[in-house]
Structures are given as C-alpha cells and as structure tokens.
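Here's the structure, in structure tokens; my notes come after.
Numbering of ligands and ligand atoms starts at 1, following listing order.
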Amino acid sequence: MRALITGITGQDGSYLAELLLGKGYEVHGLIRRASTFNTGRIDHLYQDPHAEGAKLFLHYGDLSDGARLVTLLHQINPDEVYNLGAQSHVRVSFDEPEHTGDTTGIGAMRLLEAVRLAGVDCKYYQASSSEMFGATPPPQNEETPFYPRSPYGAAKAYAYWVTRNYREGYGMYATNGILFNHESPRRGETFVTRKITRAVARIKAGLDQHVYLGNLDAIRDWGYAPEYVEGMWRMLQADEPDDFVLATGGNFTVRDFVATAFEHAGMDWEKYVRFDERYLRPTEVDALVGDASKAYEKLGWKAEVQTDELARIMVDADIEALEHEGRPWYDKVGLPNWPVVGAPGITGV
Ligand code: NAP
Ligand code: GDD
C-alpha cells in the first residue's frame, strides 16, 4: 500500500506516518520548502531514499499550488491520500483569514481536483474539525448543524462540503474525519494544552515565573493524538466512504486542564497563571463535546486516554524534554557519558 500525507511534518502527520510505516506502507509526505529545517517531528523516521527498501519519501509542495499537486498525484499514484495540511491555528486565522481560507479551505479542493485530474483511484481522507460546530451547543455528532465561529472554522466547513461533493458528484471515495481536539507531547507550542504543560515544566525548573492565558472558561474535549490517527486509518479501511466524529466525550474547561497540569507537578496554578487579553478571540467557541458512538459502532474505535491522563502525559514529557535540554552536549548526541565535562580530543565545543 502507498499513502500520501499532506501535513506530514505536523503533530498528526508524524503519528500517522509512524502508524502507516509500521503497517508496511510506502509513505510519501508533502513538505513545505522553508529556510530552516521543519522536519523535527519526523526526523526519527528518516530513511535515505537511495537505500534499498526505503519506505518514506518527502516531496516539496504546497496546498496553494494546484499544478504541483496534480504532478505529485501522477508520480506517486497513491492508494490512500490523507489531507492533514492546514493553517490549523484558530486565533491566527483571525489575523490571516485570506491565507487560512486559501490553504485550509481551497487547499482541500485543489487536492481533490488533483486526484480527479490525475485519474488516480485512491481513498481520500479530509481532516475536518469540531470547530465547524462552533456555536451549536454540545453534544455534537455527525448530524449536528455547523455554525463556525472563525475564519478557520469556516474554511474547514468549505473543505468538508467540497469533500462530500466530490464523493457524491464523482463517486470518489472521500471521507471526512470530524476530529475533536487531540493533543500529545508533539502538539504545537502555541495551542493551549502544550502552552500550559510547557509552562509547568519551565516554571518548575525556575526558568519562567508566569504563563499568560486568555479565556479559561472554554470547554473542550481533549483526546490523545496517537489514538486519533488510528481512527483516521480505520475510516479509510471501511467499505464505503462516510463521515465520522472522533472524540472522548469528556468535558474539561481550560481552567480544569491548567489545574490538573500544575497539580501533577506539585504546584498551585493560581500563583502562576496570569490573564492577557491578546489571547482572546473576536468570537469564541464556548463548548465542544463530541459523541463518537458512530465511530465505535462502525469502526470499533474508542478513545482510551481521557483528558486528565493526557495532561499528566504531556507534563511528564515536557519536564523530561527540559531535563534533556539541560544535559551536556555529548549526552544528547548519544556518546558515552564522560565523567568530566567535555570530550577528549575535541576542543571548542
Ligand atoms: P499542525 O501540527 O499544525 O500541522 C499542520 C501541518 O500542515 C504541518 O505539517 C504544516 O507544515 C502543514 N501545512 C501548513 N500550511 C500548509 C500549506 N499551505 N501547504 C502544505 N502543508 C501545509 O496540525 P495537526 O494538529 O497535526 O492537525 C492536522 C490536521 O487536522 C489539520 O488540518 C488540522 O486543522 C486538523 N485538525 C486538528 C485537530 C487537533 O486537535 N489537532 C482537530 C481537528 C482537525 P509546516 O510544518 O511546514 O508548518
Ligand atoms: N491557543 C491558546 N492560547 N488558546 C487559549 C489560550 C492561549 O493562551 N488561553 C485560553 N485559550 C483557549 C482558547 O480561547 C480556546 O477556547 C481553547 O483555549 C483551545 O484553544 P487552542 O488550543 O488554540 O485550540 P482550538 O480549540 O482553538 O483549536 C484546536 O482544535 C480544533 C478542533 O476543535 C486546533 O487544533 C484546531 O486546528 C482544531 O481544528
């Protein structure tokens, strides 16, 4: 089996690449050309493409470049396409609404159109989002009406509908995974969970005194990302394309997540958390709590890690990562742990 993943350098893309490589897939990833390396989350998966039996291949491209997508679809001829690429930050989408619409929304249409124009017979997964439900109160499932509250949510709603349209109009195998928030130690540092757990580690180590946050009252349904990429894969193994919610069903406020994370590190959060209005959004999504019973019934998928455990996993990982940062350079590159600082024969390090 051969898969193409857009967004392979992101949180979900990195876990999905691991999962598919573990299943014996040949994995192709779309990466953006940048002036600095942006492959940190998948460096551990890197294989020399010249080596016999290499299974991971990276290609430069961008969801704003439709011609490039057609060329790549022709060249790769994948069995499965996972469209995870997006400007995925809701707050940023208010600052960059046009770019968000172009990549997160129209980008999905470009990729679907590339599949169609290249004549590739493949299954397509669209990374749809619970942000599409926006102001519609919980619990939310596949039948819940959309009421997006951000340029990001509106762009995802466009991508959702264009995915359904290619399924109905052209008979394509095109599925929407409507995923509620999912996090991990690989979560981007500006999403609230990771911002909190990273701050806990830094405050505990004496590197920071405070963390500044916005709305603590928002309710989210936070699950564990590696379980959610398994759900994505299961969706594409179904006989028919469909739309599925993935969620834990739990409801935690941002404040609850803060309290759990600080408490796990033995600290009282109220001493360290401060308010900054710059983290508020012009329109907020007050509550997202998912009902994933369809995914359980049809795919046998169920979230195991609940939000409190997730918070502890992320705090432990950030504390450990920070300890690692503080270790001497020879430890980090895997050389023997010399008893004295500095390695023999190497000067100026
Ligand atoms: P992420 O960590 O922000 O990763 C986004 C990925 O998209 C990165 O690889 C990024 O590349 C890439 N990308 C950004 N702009 C692009 C463009 N113009 N062309 C091609 N690639 C582009 O997001 P994630 O948390 O893994 O989420 C994966 C997908 O699921 C996203 O579509 C997100 O909107 C959606 N989603 C996420 C959640 C969640 O809770 N995590 C829930 C529902 C839906 P760089 O590394 O170069 O920036
Ligand atoms: N990022 C951030 N930073 N959010 C904060 C902060 C802060 O300092 N303080 C409070 N929040 C609140 C936000 O207002 C929001 O209500 C909640 O924390 C979660 O914010 P994010 O972690 O940025 O995630 P999100 O829910 O807006 O969006 C994520 O989940 C969507 C699925 O529901 C992203 O991963 C989207 O890509 C995804 O589609």
Side-chain angles (χ1 to χ4, degrees), residues 5-17 29-34 36-42 60-65 68-69 82-93 99-100 102-104 106-108 110-111 125-134 140 148-150 152-153 155-156 159-160 176-184 186-196 199 211-225 228-229 232 245-247 252-255 257-258 273-281 283-288 290:
I5 305 174
T6 73
I8 194 169
T9 56
Q11 170 189 258
D12 290 5
S14 67
Y15 284 120
L16 182 64
L30 187 78
I31 62 167
R32 298 195 288 175
R33 142 76 197 155
T36 51
F37 290 121
N38 57 1
T39 54
R41 290 191 181 97
I42 52 169
Y60 285 121
D62 197 295
L63 286 166
S64 60
D65 182 354
R68 176 65 175 147
L69 297 177
Y82 295 86
N83 184 30
L84 311 186
Q87 191 302 94
S88 71
H89 202 287
V90 173
R91 179 68 193 82
V92 171
S93 80
H99 170 72
T100 304
D102 188 32
T103 54
T104 305
I106 298 174
R110 289 193 189 97
L111 190 57
Y125 173 88
Q126 171 58 30
S128 287
S129 166
S130 50
E131 269 291 307
M132 301 185 302
F133 299 125
Q140 293 109 349
R149 296 268 285 172
S150 64
Y152 169 83
K156 282 289 184 188
Y160 169 94
N176 283 291
I178 308 172
L179 272 52
F180 283 64
N181 300 49
H182 47 280
E183 323 289 310
S184 73
R186 293 187 202 166
R187 186 56 144 149
E189 290 87 347
T190 60
F191 295 96
V192 79
T193 54
R194 184 74 199 289
K195 182 171 169 183
I196 293 164
V211 58
Y212 289 86
L213 297 173
N215 177 18
L216 300 186
D217 295 322
I219 294 171
R220 289 291 183 275
D221 175 337
W222 281 293
Y224 187 41
Y228 285 57
V229 301
M232 293 176 190
V245 159
L246 298 186
F252 246 56
T253 61
V254 175
R255 185 180 291 99
F257 194 97
V258 167
V273 175
R274 292 190 173 175
F275 173 71
D276 185 337
E277 66 179 9
R278 97 170 75 162
Y279 300 114
L280 299 179
R281 293 150 188 207
T283 40
E284 175 65 288
V285 170
D286 294 328
L288 293 174

Under 3.5 Å between any N/O of Asp12 and any N/O of ligand 1: does that happen in this structure? yes

Quick one: look up the protein heavy atom nearest atom 40 (O) of ligand 1 and list residue, atom name and how far away it is. His182 N, 2.9 Å

Could you work out, for atom 5 (C) of ligand 1, the closest of Ala86, Gly61, Ser64 by heavy-atom distance? Ala86

Which residue and non-hydrogen atom of the protein lie closest to atom 16 (O) of ligand 2, and at what distance in Å? Glu284 OE2, 2.9 Å

Residues in side-chain hydrogen bond (donor to acceptor under 3.5 Å, both in side chains) contact with Asp65, at least two apart in sequence or another chain: none

Closest approach of any protein heavy atom to atom 23 (O) of ligand 1, naming residue and atom: Ser88 OG, 3.6 Å

Hey, does Val192 come in under 3.5 Å of ligand 2, counting only N/O atoms on both sides? yes

Which protein non-hydrogen atom lies closest to atom 8 (O) of ligand 2, naming both residue and atom, and how far is it? Lys195 NZ, 2.8 Å

Can you tell me which residue and heavy atom of the protein come closest to atom 17 (C) of ligand 1, and the distance to 0.1 Å? Asp62 OD1, 3.5 Å

Counting only heavy atoms closer than 4.0 Å, does ligand 2 sit against the backbone of Arg91, its side chain, both, or neither? neither

Regarding Thr100 and Gln87, do their side chains bring together a donor and an acceptor under 3.5 Å, going by distance alone? yes

Listed by chain and number, what are the side-chain contact (heavy atoms from CB on, under 4.5 Å) partners of Ala218, not counting sequence neighbours? Asn215, Arg220, Val254, Glu284

Tell me whether ligand 2 is touched by Arg187 - counting only heavy atoms on the residue side and a distance under 4.0 Å. yes

Tell me whether Ser130 reaches ligand 1 (any heavy atom closer than 4.0 angstrom to a ligand atom). no

Counting each atom of ligand 1 from 1 as listed, which ones have a heavy atom of Thr103 under 4.0 Å away? 18 (N)

Atoms of ligand 2, numbered as shown, that sit under 4.0 Å from any heavy atom of Leu288: 33 (O)

What atoms in ligand 1 come closer than 4.0 Å to a heavy atom of Ser129? 43 (C), 44 (C)

For the 3.5 Å polar cut-off, considering only N or O atoms, please tell me whether Tyr279 and ligand 2 meet it. no

Taking N or O atoms only and a 3.5 Å limit, does Gly10 qualify as a polar contact for ligand 1? yes

May I ask whether Thr6 has any heavy atom positioned less than 4.0 angstrom from an atom of ligand 1? no

Applying a 4.0 Å heavy-atom criterion (strictly less than), which segment of Leu216 is in contact with ligand 2: side chain, backbone, both, or neither? neither

Could you pull out, from Trp222, Tyr152, Tyr60, Tyr82, the option with a heavy atom nearest to atom 34 (O) of ligand 1? Tyr152

Report the member of Lys156, Arg32, Gln11, Arg110 with the shortest heavy-atom distance to atom 15 (N) of ligand 1. Arg32

Is it the side chain, the backbone, both or neither of Leu213 that has a heavy atom closer than 4.0 Å to ligand 2? both

Out of curiosity, is Arg194 lining ligand 2, as in a heavy atom under 4.0 Å away? no

Is Leu179 close to ligand 1, meaning an N/O of one under 3.5 Å from an N/O of the other? no

To the nearest 0.1 Å, how far is atom 6 (C) of ligand 1 from its closest protein heavy atom, and which atom is that? Gly7 CA, 3.6 Å

Would the distance check show the side chain of Lys156 and the main-chain N or O of Ala127 forming a donor-acceptor pair, the cut-off being under 3.5 Å? yes

If you measure every N or O of Gly214 against every N or O of ligand 2, does any of those distances drop under 3.5 Å? yes

Pick from Thr9, Ile42, Val229: the one approaching atom 9 (O) of ligand 1 most closely through a non-hydrogen atom: Thr9

Just let me know how Lys156 lines up against ligand 2, side chain, backbone, both or neither, with a heavy-atom cut-off below 4.0 Å. neither

So which protein heavy atom does atom 29 (C) of ligand 1 come closest to, and at what separation? Leu84 O, 3.2 Å

With a 4.0 Å cut-off on heavy atoms, does Arg187 reach ligand 1? yes

Any N or O of Arg281 that comes nearer than 3.5 Å to an N or O of ligand 2? yes

